[in-house]
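Numbers restart at 1 for each chain; the letters A, B, ... are given by sequence-line order, proteins then strands. What you see below is based on every heavy atom in this structure, not just the backbone, and it leaves out hydrogens, waters and symmetry mates.
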Number of protein chains: 4
Amino acid sequence: MTQTSKTDNSSPRKRTRLPSEVRRQYILDAALDEFSMSGFEGATVERIARKAGITKAGLYAHFTSKEALFEALLDTIMLPVVTDDAWVLSSEGTLESAVDSFLDMLYGDSKTTRRLTIMRLLLVESGRNPQRVQQWYQQSYRPYIQKRQRALESYLRQHTSHTTLTSGQIALAFSPAVLAMFWQMIIGGESAASEIAAIKASHREVMLRLLSTD
Amino acid sequence: MTQTSKTDNSSPRKRTRLPSEVRRQYILDAALDEFSMSGFEGATVERIARKAGITKAGLYAHFTSKEALFEALLDTIMLPVVTDDAWVLSSEGTLESAVDSFLDMLYGDSKTTRRLTIMRLLLVESGRNPQRVQQWYQQSYRPYIQKRQRALESYLRQHTSHTTLTSGQIALAFSPAVLAMFWQMIIGGESAASEIAAIKASHREVMLRLLSTD
Amino acid sequence: MTQTSKTDNSSPRKRTRLPSEVRRQYILDAALDEFSMSGFEGATVERIARKAGITKAGLYAHFTSKEALFEALLDTIMLPVVTDDAWVLSSEGTLESAVDSFLDMLYGDSKTTRRLTIMRLLLVESGRNPQRVQQWYQQSYRPYIQKRQRALESYLRQHTSHTTLTSGQIALAFSPAVLAMFWQMIIGGESAASEIAAIKASHREVMLRLLSTD
Amino acid sequence: MTQTSKTDNSSPRKRTRLPSEVRRQYILDAALDEFSMSGFEGATVERIARKAGITKAGLYAHFTSKEALFEALLDTIMLPVVTDDAWVLSSEGTLESAVDSFLDMLYGDSKTTRRLTIMRLLLVESGRNPQRVQQWYQQSYRPYIQKRQRALESYLRQHTSHTTLTSGQIALAFSPAVLAMFWQMIIGGESAASEIAAIKASHREVMLRLLSTD
DNA sequence: CATGAATGAGTGTTCATTCAT
DNA sequence: TATGAATGAACACTCATTCAT
């Protein structure tokens, strides 16, 4: 039998004992969910605990306070962004296929949801703890972006007449995806889908137009 | 020894009776301050009232609940977006001046901070009350965008060979500004400034290139 | 249990609005009761509030924390000890009547219960916050004792051959009353009564014998 | 019911020191420490266990509850009071030496601190559980006092003209020591020392005067 | 048997909201 | 109307106690 999923919504009074590390991860997942949904103040330890499959008091066996849990969460979400598989524009193939894979990377894929949740968390909490978010930006996000940037530049150098790109130009290539992210965050999944699809299509069109020519 | 009360206001607690509308506006200002600073959950009615110069109970003479106050606030801050001097691309003048005024409108000016605040509120609120945000999107934002869209289209019809614009294409024209907002939110005022300037410059360049044409 | 205090212990859900000072005093009375009965940790804000006729939250409108309430309580019980009517051994009348009034003062009367409660509070909490209790001793109790001491000395100078008294001798005159207090505290009202009566009788006998003199 | 120890009572021959018993003693020591420091409510099982070198759950293998631990503690600390080497006024020697040894017993020695701790516990407990304290009084303290009383009486019968002593008179002989204990509790070790010394001196003086006879 | 994860019943405190004055 | 006392419903956190391993 498979083990119970981490979000066991039913309410059997069974006491399930888990290794500390596993439970800890469940709690962190639940916390990401809650904090990004409701913000730090809006989130309740009770809900986080329930999502993690334990009671409020149980959570305190793993994290000493709500604040500490939040900090731990920020710590854990800072790493993966940098270390995930460095995407590289395939230097072979047509321009179209290169652009497509670039866009596929930017717009949704399997990891998008989680990344979106993290983004939402950071945005929502950027008011409460700006320094922490800046730190995240410096340590995690900026390197990530620069990696992407270098990949794009190296591709362009090889295949187009463009020689260098300003950071502003690079940013432009990402901006529609950021817009899409906002739509996704704000107006939710379904009604956002068409909007995003349209944006992506135009994004593709414009990129091709700008890159293809000379 | 002097006795220093903890609530040390400039005026010693006099019961100033203000016209309802004025008081209401004070409250709304205070509310925007509080909500944007602490989020909906983090904000307290007590603080809002104090900032507005009245007591907690006094506030309830003007707004029936914290929720209602928040709704009213959203209404007042969303309205201007729609009704503010409907920007129209001046059909006279050069393309450059038209684009410049478009960009000036999009990118920062006195209203940027306020817009940022509103955006953050919407983000949090979209977690707390998605329907309300969708409603805002339908009732306020979409018409606003469409107005802009029509202005842009009409301009293009007159001056370029472009005939119609998809919503995705329109969105693209805004997206770099959204990215700028994102930077502003996350990495804050000063270090974000140069980033944003670069984006705006590239934005201008691309728009001119795409529109001028053919 | 003991008799009901001035506040109604029944539970009508009526909201009774009282002047701040009055309610504050109710709370302090209730707090003295609770703290001396259960100690600081054992006492609950809920019970104190209920005894004072309000809810837990209502109490916090008058005292900012349990700790603050405790401190305020200590402050209020420190004053009266010093300022209460300075008892003086009537310099007229027989030795017997003088001793009797001395003993009546020491052993119970109307104020005894309250004094006992305060004593119990101080003893119980002398472990938790020794400094605070020492402070009480220096500021309130020592002066009070010294006043009594001077009264006793002045009486003896006039009527007996004793000239001076050491503090140890003075203390001795009080010590049986302290013992009585302990009985009262520990084995409670009824079964303690006879014990105390016997102590008082012997106390009287010894005092007369020692003073009557020579 | 009485103690339910895991050691089999039916075979008293085997007096092997079980680790269990040792640990039990550790726990009791830790408990006395904690309870006297923080009171019953203030004490935590966690801290007691840690002081005893085991975990919280481990403690429950030895005592079924915090309450039971406290009871057991009271049992162990009350017992010695009754059974300790029954002090008897040496019927030989001078009155002075007899009184001195009586006073030495009453006033501090190595056991004073412990007795103080116990006394404070009883004070707190007398608020929380008056019956238990009355029970202690009946079962433990009263016999102890009576033993002392008989010793004193028998001595007096032999050496003085005093024939009987009322309980009140006996009590009087102890009361200054109670006062001393009171000082010790309230104003602490150092500054209490001189006060206590003075009391003891006067106590001695008065006893000699009263007993030395006529 | 001892441990650490887990729990249920509080406990102090806050807060949006109401009501009598 | 405006106020301040009062409330009920949380909420973060603690703790005595249990249970699976």
Side-chain angles (χ1 to χ4, degrees), chain A residues 13-20 22-24 41-49 52-69, chain B residues 13-18 20 23 41-49 53-69, chain C residues 13-20 22-24 41-49 52-69, chain D residues 6 19-20 23 41-49 53-69:
Chain A
R13 300 232 163 203
K14 198 62 188 170
R15 183 188 277 207
T16 53
R17 185 196 173 89
L18 257 58
S20 189
V22 176
R23 179 63 20 110
R24 202 183 150 88
E41 307 274 1
T44 80
V45 174
E46 169 89 43
R47 269 201 302 264
I48 295 174
I54 51 174
T55 58
K56 212 174 17 169
L59 187 149
Y60 280 89
H62 300 274
F63 297 92
T64 60
S65 70
K66 187 186 182 183
E67 187 75 37
L69 172 55
Chain B
R13 195 185 73 80
K14 57 185 174 183
R15 204 155 156 166
T16 52
R17 189 191 171 109
L18 285 177
S20 187
R23 179 56 31 100
E41 308 275 357
T44 79
V45 174
E46 170 89 40
R47 272 199 300 264
I48 295 174
I54 52 174
T55 60
K56 222 175 6 172
L59 189 149
Y60 280 87
H62 296 274
F63 298 93
T64 62
S65 71
K66 186 187 185 184
E67 187 75 37
L69 172 57
Chain C
R13 300 242 163 197
K14 200 59 189 170
R15 184 188 276 206
T16 53
R17 184 197 173 89
L18 257 58
S20 189
V22 176
R23 178 65 18 111
R24 201 183 151 89
E41 307 274 0
T44 79
V45 174
E46 170 89 43
R47 271 201 301 265
I48 295 174
I54 50 175
T55 58
K56 216 175 11 168
L59 189 148
Y60 280 87
H62 299 275
F63 297 92
T64 60
S65 71
K66 187 187 183 182
E67 186 76 37
L69 172 55
Chain D
K6 308 167 188 71
S20 171
R23 220 166 304 126
E41 308 276 357
T44 79
V45 174
E46 170 87 43
R47 272 200 300 263
I48 295 174
I54 52 173
T55 60
K56 222 173 8 171
L59 189 148
Y60 280 87
H62 296 274
F63 299 92
T64 62
S65 70
K66 185 187 185 184
E67 188 75 37
L69 172 55

Per-residue pairing states of DNA chain E in dot-bracket (Watson-Crick or G-U under 3.5 Å; . unpaired, | other strand) read .||||||||||||||||||||

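Protein atom CZ of R24(C) is 16 Å distant from nucleotide atom P of dG4(F), rounded to whole Å. In this entry the distance linking CG of L59(B) with P of dA2(F) reads 10 Å, nearest Å. Rounded to a whole Å, the CZ atom of F63(C) is 19 Å from the C1' atom of dT11(E).
Applying the 4.0 Å criterion to OP1 and OP2 of dA6(F), one finds that H62(C) has a side-chain N or O inside that range. One finds no side-chain N or O of T55(B) lying less than 4.0 angstrom from the OP1 or OP2 phosphate oxygen of dG4(F). Considering only side-chain N and O atoms, R23(C) lies nowhere under 4.0 angstrom from the phosphate OP1 or OP2 of dA5(F).
Shown here are the salt bridge (Lys or Arg N to Asp or Glu O under 4.0 Å) partners of E46(A), two or more places apart in sequence or in another chain: R50(A). With sequence neighbours left out, the side-chain hydrogen bond (donor to acceptor under 3.5 Å, both in side chains) criterion links R47(A) to E34(A). Evaluation of the side-chain hydrogen bond (donor to acceptor under 3.5 Å, both in side chains) rule for R23(A) yields no partner, not counting sequence neighbours. For Y60(D), the side chain to side chain contact (heavy atoms under 4.5 Å, CB included) partners two or more places apart in sequence, or in a different chain, are V45(D). For A68(B), the side chain to side chain contact (heavy atoms under 4.5 Å, CB included) partners are T64(B), S65(B), not counting sequence neighbours.
With contacts defined as side-chain heavy-atom distances shorter than 4.5 Å, the pair L59(B)/L69(B) qualifies.
Smallest separation of non-hydrogen atoms from G42(A) and E41(B): CA-CG, 3.3 Å.
Sorted by first and then second residue, the pairs that involve residues 59-68 of chain D and meet salt bridge (charged side-chain N to carboxylate O under 4.0 Å, His left out), not counting sequence neighbours, are E67(D)-R128(D).
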Using a 4.0 Å heavy-atom cut-off, write out nucleotides 14-20 of chain E from 5' to 3' as B (base contacted by protein), S (sugar-phosphate only) or - (no contact). BBBBBB-

